[in-house]
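FYI, the numbering just counts along the sequence from 1.
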Amino acid sequence: MCSWLCSLAAGSAVPVAVAAPAVKAPSEARQLMRSGPFSGLRDNIRALGQYASTPTDQGGSGLSEKDASALVSNFFRALEDFDLVLYNAVREAKAAEKKAGDDADKLAQLDPAAGLDKQVAAEKLHAAVEQLDKLVATVPEGVLSRSREVLEKVSSKAAAARL
């Protein structure tokens, strides 16, 4: 069964590896954004921004510092917007739990993603992915192709290790 996060990502340019974790609750998605596969995301985005502003004769993309900074800021803003949607859903889930009190039947019936507006979450996730795509587009194709090769090798080794 695909989680709601997989469903949101399915219609976007999100790589399969990003949608792979089975996340059933907004709180889990928020935690993943801060640890696990995404723990270094913020640092890596900043590094991409620095790379984008590096002159082409030094192997970078040659964007102005202002343009590179705007790409990074736009991504972080979009990611924060997505995180806010998740945060609000977590808050609503906690309020529902509190309202259910000690009633085990009511607690068992609670859906941790009930407070999530999936359409809004999908739009915010898509916006974050679009901003990420814009930043990644500053990387020269040769560097991207080498990175894809490394990712494929790592992914295939990880898949083999799971068998």
Side-chain angles (χ1 to χ4, degrees), residues 1-90 112-113 116-163:
M1 178 178 171
C2 188
S3 68
W4 60 267
L5 185 57
C6 289
S7 300
L8 294 178
S12 68
V14 176
V16 174
V18 171
V23 177
K24 296 182 180 160
S27 59
E28 293 175 35
R30 291 191 80 227
Q31 182 62 31
L32 274 175
M33 289 173 61
R34 288 155 180 77
S35 63
F38 299 103
S39 62
L41 179 66
R42 286 168 174 77
D43 291 335
N44 290 324
I45 294 300
R46 286 185 189 97
L48 268 176
Q50 289 176 340
Y51 179 82
S53 65
T54 301
T56 54
D57 62 347
Q58 295 175 15
S61 299
L63 287 180
S64 71
E65 190 81 29
K66 181 180 176 184
D67 290 342
S69 179
L71 286 172
V72 171
S73 294
N74 290 342
F75 170 75
F76 284 135
R77 193 173 306 112
L79 188 63
E80 287 169 7
D81 288 348
F82 176 61
D83 188 45
L84 183 60
V85 171
L86 298 176
Y87 172 77
N88 288 331
V90 169
L116 180 69
D117 183 333
K118 292 178 183 172
Q119 178 65 33
V120 172
E123 290 168 4
K124 299 297 183 180
L125 178 59
H126 184 72
V129 170
E130 282 181 344
Q131 293 305 316
L132 179 60
D133 286 345
K134 289 178 183 179
L135 189 54
V136 170
T138 66
V139 179
E141 186 55 43
V143 174
L144 271 180
S145 64
R146 285 192 305 269
S147 298
R148 285 186 190 113
E149 288 172 16
V150 169
L151 181 60
E152 286 175 20
K153 286 179 184 177
V154 169
S155 295
S156 63
K157 286 181 181 181
R162 281 185 245 138
L163 298 176

Kindly indicate whether the side chain of [X], heavy atoms from C-beta on, has any atom under 4.5 Å from the side chain of [Y].
X   : Y   : result
F76 : V72 : yes
L48 : F75 : no
I45 : L79 : no

L32 side, atom CG; L41 side, atom CG - distance, nearest 0.5 Å
11.5 Å
CG of D81 to CG of L125, rounded to nearest 0.5 Å, is 12.0 Å
Residues pairing under side-chain hydrogen bond (donor to acceptor under 3.5 Å, both in side chains) where one sits in residues 52-76, two or more places apart or in two chains, turn out to be S64-D67, N74-R77
Got a sec, which residues hit side chain to side chain donor-acceptor pair (under 3.5 Å) with [X], two or more places apart in sequence or on another chain?
X    : answer
R146 : none
E130 : H126
S35  : Q31
Q50  : none

Tightest non-hydrogen contact, residues A52 and A68, listed as CB-CB, 4.0 Å
With sequence neighbours excluded, residues passing side-chain contact (heavy atoms from CB on, under 4.5 Å) with [X]:
X    : answer
L144 : V136, V139, E141, R148
N88  : L84, R91
V85  : L116, V120, A121, K124

Summary of salt bridge (Lys or Arg N to Asp or Glu O under 4.0 Å) pairs that have at least one residue in residues 37-48, sequence neighbours excluded:
D43-R46
Test: salt bridge (Lys or Arg N to Asp or Glu O under 4.0 Å). Region: residues 31-41. Which pairs qualify, not counting sequence neighbours?
R34-D83
Counting N and O atoms only, with roles assigned by atom type, does the side chain of Y87 sit under 3.5 Å from a partner on the main chain of P26, one being a donor and the other an acceptor?
no
